[in-house]
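Every chain is numbered from 1, with letters handed out A, B, ... down the list of sequences. Computed from a predicted structure; not experimentally measured.
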Amino acid sequence: MNAKYAPQEIEEKWQRIWTERKTFNVTEDPARRKYYLLEMFPYPSGRIHIGHVRNYTIGDVVARYKRMQGFNVLHPMGWDSFGMPAENAAIDRGIHPSVWTNDNIANMRRQLQRMGFSYDWDREISTCEPDYYRWEQLFFLKMFEKGLAYKKRSSVNWCPQCKTVLANEQVEAGLCWRCGAEVGEKDLEQWFFKITAYVEELLEYCDRLPGWPEQVLTMQKNWIGKSYGCELSFPMEDGREDIRVFTTRQDTIYGATFMLIAAEHPLVMELARGKACEADVQAFVEKVKKQDKMMRTSDYYDKEGVFLETFCLNPVTNFRMPIYAANFVLADYGTGCVMAVPTHDQRDFEFAERYNLEKIVVIQPPGTTLDPKTMTEAYVDEGLLVHSGPFDGMENLKALEAIAEHLEAIGRGKKTVQYRLRDWGISRQRYWGAPIPVIHCEKCGSVPVPEQDLPVVLPRDIDLTGTGESPLARHDAFWKTICPVCSGPARRETDTMDTFVESSWYFDRFCSPACNVKPGLDRRQVDYWMPVDQYIGGIEHAILHLLYARFYTKMLRDFGVVGVDEPFTNLLTQGMVCKETMRCAEHGYLYPDEARDGRCAHCGREVQIGKTEKMSKSLKNVVDPDYLIQKYGADTVRMFCLFAAPPEKDLEWSDQGVDGSFRFISRTWRIVMDYLDDIRETSPFAGDGELTGDLKALRRKTHQVIRKVTSDIEDRFHFNTAISAVMELVNVLYQTKRPEKSDAVGLAVVRETIEAIVVLLSPIVPHIAEELWTLLGKTDALADTAWPTFDAGIAAEEEITIVLQVNGKVRSRITVPADESEARIKAAARADKRICEFIGDRPVIKEVYVPKKLVNIVVRG
RNA sequence: GCCUGGGUGGCGGAAUUGGUAGACGCAAGGGACUUAAAAUCCCUCGGUCCUUGAGGCUGUGAGGGUUCGAUCCCCUCCCCAGGCACCA
């Protein structure tokens, strides 16, 4: 047999067979263990990129592996098809978002199918279709009823030129990305989901998700940001209503000498009204609203404020505290007001220095005395309280509780818990999203759309210009309606939902994608498949998407729609795919094929190689999967994505590396072809008779590699080392002296090795594996073949190497039988010629023995 | 700035629990095969020094510490990446 490896032919053939036989379609089967493997579904941007290829290849290997382990594997794919890019394409090129989206989906589906992923395509869903989002609207009604969806005023980025709302990413250095106008803030009535109603459960379960990376759980905990402290009230000098603050540092209250209010807090203008400072305050507030929120709370940003010509009183010292509006205080955390203790908070210290405000030391560090006049920075560490009335001399940490109780007793405070997590704003003033099912009536207020009127379908005939209000707000037939309560004229809500809402329950829908009766999820099917056993996606989703999906799951559980507390039992967060950037002085960033031999294809100038960054269209450092498939085949692309780095790390793209993967696959193909005629009729070695020499070593290696590949995939998803192990096995096979045609035992051992190689590689490179399997005379599909097992006895080494150290440095090695005793190994170490030379006549102080690994002899001098 | 990770040969990476640093692959160099080239197969490959050896020293971002022993644990610092609530 001498057929040449022809990836295109083989791959298309097997993809056809899998589709025809519906190999990967599944149904609930209570008799079998289920395994739900899910990769984050893509936004249909037009073409798959290498990041998708990597993500879905990782998932496919696990899906195929689990299938071979006997699990009933659900492995679905769909489209997160609402979102801004469709609208931008419509504005820029005049294509309707639905046409653009569906064309993209068709192309990306073709690309994914050409990669040979083992999806159950019958379960494909697309979130922009009414049969998907109608259920989301139903859930919204339920949320509205329970007070989990509510309206409040909130600010958005607003471009006064385009008269439109901008996403944060559409604001570049404070300017609109489309027109360059200065972006401001605008207050709008917006819909929110009350994620904070579940904050405690979301936090608590962070400690009950052992299958999640610690890193992600830590990020989520910090995001939720639970802190214990006090809510304190400070009386106003003029007798107005008290100012309330939240603090975790009530131990420093005796040092509070001024009050800070977030510039955008409504109280600021209220206090300034009618005073001489009113105009200055107004100007300051406008200025701060334009500052970047992230920057203005940074340690190095200039602390600025304006005096409101008003005072409040420190409730324990009666100190007359001036009140300032400040840029570094956030309106939406705590109460938006902060008691300032300049001696023990660095930001307050800088503010006090700048505006020449009083400083009182209330925590004394051990051993020194702080003088407010000479301090150059705040003292933020522990110490003993001073100038703190009855609490003088207490350790500040112990005083936290005592002072909180004291403040409660005098009616000035209350111990509280504060969270950083805010409610989830879901209103988008955009077209391409799921309509929010609410009608606004002048008489009846915000009225939910009656259930029988769902879905509220997004109209097709729409005029997208990129300017003005939301397109739906200009679509009369859409928004002009009647109130379901009083039948009077009413206005339909024209905001659409954040696309994170769709991705918060799509995994449930995959369990019953065709269900068309309320609530769109068949409880029996959902109960069989959920939760997702393994979820795989980019680390960039560590907080938002994953937290929203967890919240939504808990809520649907409370609605009785699903039966699980958490959606994802195990989570794998993969790193990003990066590639070096290339620039031409004249033509800017270049695509890889625009550079030839280090020169720009347009002008011949020398190309500058830039730093390696995440692959993106704007940097043009992208690789086209279609081109790679055409050149090498899907199997090579799959293998390289897995081989170049473990999944959780960033992957640096390398064209030479792809060549290497192709070479290995071809090398494997060749050796199987080479042996094929001799082993076609042979059965794998069954263990009868003693083996010696090469054959014994080959068989041992085979079983070692089965063990290694199994644990690499099962325990840690390290496909790169699994592939390395198979490469070693192929190398050993090449180096094994070829058994004669008459050597039945030798050929049986080779057959065992070759079958192992093919089966172990099959989840990674399924097409070539199926083909070789067939050529080996097998008639059952490899995809349904059982994963191989290893024999620990055969895999065991007979001899081991013991490292000999003197004072921790390797000086010699000895080879001993694997079961050699400690005493004999130590004796051999002491007797070793090189070790004796190193020890010389120095006295031995200590001898460390690590079983089966090393002996370390410690000597003086 | 805040939160979370990461830094190992010329390059991607390996070392699974504190125990042989550099598996496997790429690049490079050499050899075999070939009329030749490609392909293929085999060998060498961290740095440095010398007495060229089963050699010495050195080496996992930098500096310190703990330990018989540190890529791994602790402290300080530098650099890079992701997230930061309207990109998904």
Side-chain angles (χ1 to χ4, degrees), chain A residues 40-43 45 80 82-85 156-157 165-171 190 213-216 218-223 225 293-301 332 420-430 498-500 503 538-545 547-548 573 575-576 578 611-614 640 643-646 648-661 663-664 666-667 670 711-712 715-716 718 720-721 723-728 731 734-735 801-813 833-834 845-848 850 853-854 856-859:
Chain A
M40 291 181 185
F41 68 162
Y43 177 78
S45 57
D80 188 13
F82 271 139
M84 229 169 29
V156 291
N157 298 315
V165 176
L166 298 177
N168 283 345
E169 71 151 17
Q170 296 174 317
V171 182
Q190 309 230 64
E214 201 51 51
Q215 172 194 10
V216 174
T218 310
M219 282 195 258
Q220 293 216 344
K221 283 186 207 166
N222 290 336
W223 187 256
K293 248 180 220 161
M294 222 184 288
M295 288 308 296
R296 68 183 236 222
T297 51
S298 107
D299 281 358
Y300 298 106
Y301 206 76
D332 38 24
R420 209 181 74 96
L421 181 72
R422 305 200 300 262
D423 276 339
W424 172 15
I426 58 125
S427 276
R428 300 290 181 269
Q429 292 72 37
R430 299 187 202 292
D498 180 4
T499 58
F500 273 126
S503 54
I539 181 70
E540 67 272 22
H541 297 286
I543 296 174
L544 294 180
H545 161 59
L547 195 63
Y548 292 150
T573 47
M576 286 159 315
C578 305
K611 65 173 180 171
T612 297
E613 294 195 65
K614 176 179 171 173
F640 177 71
F643 183 64
E648 67 278 8
K649 278 193 71 165
D650 286 352
L651 183 155
E652 199 177 317
W653 190 261
S654 147
D655 292 326
Q656 290 97 337
V658 184
D659 276 330
S661 293
R663 256 200 310 262
F664 168 65
S666 307
R667 183 171 154 86
R670 273 195 305 274
S711 70
D712 279 349
D715 305 341
R716 43 177 217 158
H718 276 207
N720 56 332
T721 50
I723 294 168
S724 292
V726 182
M727 285 174 168
E728 286 182 41
N731 289 345
Y734 264 92
Q735 271 149 24
T801 301
I802 300 289
V803 167
L804 306 182
Q805 299 183 331
V806 176
N807 287 354
K809 288 191 177 180
V810 180
R811 297 301 181 187
S812 185
R813 292 177 174 84
K833 186 165 154 267
R834 283 185 40 77
I845 301 166
K846 195 170 172 180
E847 208 175 51
V848 182
V850 181
K853 290 234 167 76
L854 65 77
N856 182 16
I857 297 167
V858 184
V859 299

- Item | Contact pattern, 5' to 3', of nucleotides 10-15 of chain B - B, S or - by protein heavy atom under 4.0 Å | --BSSS
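In this structure, the nucleotide among B:rU4, B:rC86, B:rC42 sitting nearest to the side chain of A:T218 is B:rU4. If you check B:rG19, B:rC86, B:rA85 against the side chain of A:L854, the one that comes closest is B:rG19. Nearest to the side chain of A:V803, among B:rG82, B:rU20, B:rA85, sits B:rU20. Listed candidates were B:rC68, B:rC57, B:rC26. Nearest to the side chain of A:V858 is B:rC68. When each of B:rC57, B:rC86, B:rU20 is scored by its nearest atom to the side-chain atoms of A:Q190, the top-ranked nucleotide is B:rC86. You'll find that the side chain of A:E728 is closest to B:rA23, out of B:rC57, B:rA88, B:rA23. Comparing B:rG56, B:rA85, B:rU40 by their nearest atom to the side chain of A:W223 picks out B:rA85. Of the candidates B:rG19, B:rC41, B:rA81, B:rA81 carries the atom nearest the A:M576 side chain, counting heavy atoms from C-beta on.
B:rC84 is paired with B:rG1 under the Watson-Crick or G-U wobble criterion, all donor-acceptor distances under 3.5 Å. Applying the Watson-Crick and G-U wobble criteria (two distances, each under 3.5 Å), B:rU17 pairs with nothing in any strand. Base pairing of B:rU48: its partner is B:rG56, meeting the Watson-Crick or G-U wobble criterion (both donor-acceptor distances under 3.5 Å). Here B:rG25 sits opposite B:rC11 as a Watson-Crick or G-U wobble pair (both hydrogen-bonding atom distances under 3.5 Å). In this entry B:rC77 has B:rG61 as its Watson-Crick or G-U wobble partner, both defining distances falling under 3.5 Å.
With rounding to whole Å, A:L804 atom CG is found 18 Å from B:rA54 atom P. Rounded to whole Å, atom P of B:rG82 lies 12 Å from atom CD1 of A:I539. Distance CZ (A:R813) to C1' (B:rG53): 15 Å, rounded to an integer number of Å. For the pair A:N157 CG and B:rC84 C1', the computed distance is 14 Å after rounding to whole Å. In this structure, NZ of A:K833 is placed 9 Å from C1' of B:rA54, rounded to the nearest angstrom. A:R428 places its CZ atom 11 Å from the P atom of B:rA85, with the value rounded to the nearest Å. For the pair A:Q215 CD and B:rG6 C1', the interatomic distance rounds to 9 Å; values are reported in whole Å. With rounding to whole Å, A:R422 atom CZ is found 12 Å from B:rC84 atom P.
The shortest distance between the side-chain N/O atoms of A:Y43 and the OP1/OP2 oxygens of B:rC87 is not below 4.0 Å. The side chain of A:R667 places an N or O atom within less than 4.0 Å of a non-bridging phosphate oxygen (OP1 or OP2) of B:rC41. When the side-chain nitrogen and oxygen atoms of A:K221 are compared with OP1 and OP2 of B:rC3, none of them lie within a distance under 4.0 Å. At the phosphate of B:rG56, OP1 or OP2 sits under 4.0 Å from a side-chain N or O atom of A:R834. A sub-4.0 Å separation between OP1 or OP2 of B:rA38 and a side-chain N or O of A:R663 is absent. For B:rC41, neither phosphate oxygen OP1 nor OP2 lies less than 4.0 angstrom from any side-chain nitrogen or oxygen of A:N731. Under 4.0 angstrom from either OP1 or OP2 of B:rC57 there lies at least one side-chain N or O belonging to A:R811.
Put simply, CE on A:M576 and CG on A:D650 are 4.0 Å apart, with the number rounded to the nearest 0.5 Å. With rounding to the nearest 0.5 angstrom, the OG atom of A:S503 is 12.5 Å from the CZ atom of A:F82. With values rounded to the nearest 0.5 angstrom, A:L854 atom CG is found 8.5 Å from A:L804 atom CG. To the nearest 0.5 Å, the span separating CZ on A:R428 from CD on A:Q190 amounts to 8.0 Å.
B:rG25 and B:rA88 have their P atoms separated by 43 Å, given to the nearest Å. Atom name P, nucleotides B:rA23 and B:rU44: the rounded distance is 12 Å, in whole Å. Spacing of P atoms, B:rC68 relative to B:rU76, comes out at 24 Å, to the nearest Å. Of the P atoms belonging to B:rC42 and B:rU52, the separation is 33 Å, rounded to the nearest Å. Distance check on atom C1': B:rC80 versus B:rG29 gives 33 Å, rounded to whole Å.
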- Task: Output, in order, the C-alpha distance, side-chain angles, deciding distance and verdict of side chain to side chain contact (heavy atoms under 4.5 Å, CB included) for A:I539 and A:M219.
- Result: CA-CA 11 Å; A:I539 181 70; A:M219 282 195 258; 4.1 Å; yes
- Task: Start with the C-alpha gap between A:L421 and A:Q220, add the side-chain angles, then the distance that decides, and say whether side chain to side chain contact (heavy atoms under 4.5 Å, CB included) holds.
- Result: CA-CA 10 Å; A:L421 181 72; A:Q220 293 216 344; over 6 Å; no
- Could you go through the side chain to side chain contact (heavy atoms under 4.5 Å, CB included) check for A:L547 and A:W424 one step at a time? CA-CA 11 Å; A:L547 195 63; A:W424 172 15; over 6 Å; no
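Between A:F500 and A:H545, the ring planes are parallel. Angles under 30° get that label, and only those over 60° would be called perpendicular.
Residue A:H545 is classed as having no contact, given no heavy-atom separation below 4.0 Å to the nucleic acid. Within 4.0 Å (heavy atoms only), A:G425 reaches sugar-phosphate atoms of the nucleic acid but no base atom. At the heavy-atom level, A:V848 lies under 4.0 Å from base atoms of the strands shown. Within the nucleic acid shown, A:S661 has no heavy atom closer than 4.0 Å to any nucleic acid atom. Contact annotation for A:F664: no contact, since no heavy-atom pair falls under 4.0 Å across all strands. Residue-level contact check: A:K853 touches the backbone only, with heavy atoms under 4.0 Å from sugar-phosphate atoms and none from bases. Here A:Q735 lies in heavy-atom contact (under 4.0 Å) with sugar-phosphate atoms only. A:Q429 comes within contact range of at least one nucleobase, with a heavy-atom separation under 4.0 Å. A:M40 comes within 4.0 angstrom of no nucleic acid atom, judged by non-hydrogen atoms across all strands.
On a pure distance criterion of 3.5 Å, no polar donor-acceptor pair joins the side chain of A:N222 and the base of B:rC3.
When each of A:H541 and A:V216 is assigned the nucleotide of RNA chain B bearing its nearest heavy atom, the one mapping closer to the 5' terminus is A:V216.
For A:R670, there are no salt bridge (charged side-chain N to carboxylate O under 4.0 Å, His left out) partners, not counting sequence neighbours.
Under the 4.5 Å side-chain criterion, counting only non-hydrogen atoms from C-beta, A:Y548 is not in contact with A:I426.
More than 90° away from 0 lies the glycosidic angle of B:rG55, which makes this nucleotide anti.
Inspection of the A:D712 and A:T721 side chains reveals an N or O donor paired with an N or O acceptor under 3.5 Å.
Around atom NZ of A:K853, no more than 12 heavy atoms belonging to other residues, nucleotides or ligands sit under 6.0 Å away.
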